[in-house]
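Every value quoted in this text rests on a predicted model; they were computed, and no experiment measured them.
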Amino acid sequence: MNRRTLTEVGLRIALAATLATSGYIHAQLYVSGYRFIHVVGVLFLLQASASFALAALLLIGGPVYIRLAAAGAAAGALGGFAASRTVGVFGFTERGWQPSPQSLVSVLVEVATLLLLAPTAVGLVRRLVR
C-alpha cells in the first residue's frame with residue numbers, strides 16, 4: 001500500500017470510530033431512560049442507528065456522500081446538544097454537562113468527526129472551484 005492509501009484507510013477507521021462512539025452513547029442514553037422522553041427518545045434512537053450505519057459504510061469505503069451524511073449526523077448531534085441546553089428540544093431541556101460523562105464524550109467525538117471530515121470538505125470545494 002502506498003502512503004495515500006494508508007492515510008485514507010486510517011481516516012476511514014478514525015471516522016468510523018468517532019461515529020460508532022457517538023452511536024453507542026446515544027443508544028446507551030436511549031436504553032437508560034431517554035426512550036421515555038416524548039420525541040427526543042426517538043431522535044436518540046435515530047441518531048444511534050444512523051451513526052452505526054454510517055460507521056459501517058465508511059469502513060467498507062462508501063462514496064463521498066456517506067462522508068457528507070456523517071458530517072450531517074455529527075452537526076445534527078451538536079445542534080441538538082446546544083438546543084437542549086438553550087431553547088429546548090420539543091419541550092425537553094438539560095443543564096450543563098449532564099448526563100456525565102456522556103455529554104462531554106459525545107461533544108468531543110462529534111467535533112472530532114467534523115475535524116476528520118475537514119479534508120473531504122476542502123477537497124470538494126477545490127473540485128467545485130476548478
- Can Y30 and V42 be said to form a side-chain contact (heavy atoms from CB on, under 4.5 Å), step by step? CA-CA 8 Å; Y30 175 81; V42 173; 5.9 Å; no
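- Under the 4.5 Å side-chain heavy-atom criterion for ILVMFWY residues, no single connected hydrophobic cluster contains both V122 and L15.
- To the nearest 0.5 angstrom, I25 atom CD1 is 9.0 Å from L104 atom CG.
- Once rounded to the nearest 0.5 Å, the distance linking CG of L78 with CG of L114 reads 6.0 Å.
- Residue-environment remark: CZ (F81) exceeds the threshold of 12 foreign heavy atoms within 6.0 Å.
- Cluster annotation: L11 and Y65 are assigned to the same hydrophobic cluster (Ile/Leu/Val/Met/Phe/Trp/Tyr, side-chain heavy-atom contacts under 4.5 Å, transitive).
- Atom NE2 of residue H38 and atom CZ of residue F90 lie 8.0 Å apart, to the nearest 0.5 angstrom.
- Of all heavy-atom pairs spanning L59 and R12, the tightest one is O-NH1, 3.1 Å.
- Separating the CZ atom in R67 from the CG atom in L117 is a distance of 7.0 Å, to the nearest 0.5 Å.
- Across all non-hydrogen atoms, the minimal contact from A27 to A48 is N-CB, 3.6 Å.
- S49 OG to F44 CZ: the interatomic distance, rounded to the nearest 0.5 Å, is 13.0 Å.
- Note on V39 and L45: same hydrophobic cluster, where clusters join Ile, Leu, Val, Met, Phe, Trp and Tyr whose side-chain heavy atoms are under 4.5 Å apart, directly or indirectly.
- Closest of all the heavy-atom pairs between A73 and L54 is CB-CD1, 4.0 Å.
- Residues R85 and R95 form no side-chain contact, since every pair of their non-hydrogen atoms from C-beta on lies 4.5 Å or further apart.
- E110 and S22 share a side-chain donor-acceptor pair at under 3.5 Å.
- Between V109 and T21, the shortest heavy-atom distance links the atoms CG1-CG2, 3.7 Å.
- No chain of hydrophobic side-chain contacts below 4.5 Å, direct or via other Ile, Leu, Val, Met, Phe, Trp or Tyr residues, connects L19 to I13.
- Minimum interatomic distance between V89 and G80 (heavy atoms only, all atoms of both residues): CG2-O, 3.9 Å.
- Hydrophobic cluster membership differs between L58 and V9, with clusters built from Ile, Leu, Val, Met, Phe, Trp and Tyr side chains linked at under 4.5 angstrom.
- Side-chain atoms of E94 and S103, non-hydrogen and from C-beta on, never get closer than 4.5 Å to each other.
- Atom CG of residue L29 and atom CD1 of residue I37 lie 9.0 Å apart, to the nearest 0.5 angstrom.
- Between Y34 and F92, the angle of the ring planes goes over 60°, which puts this pair in the perpendicular group of the 30/60° scheme.
- Between the side chain of R35 and the backbone N or O of V31, at least one donor-acceptor pair lies under 3.5 Å.
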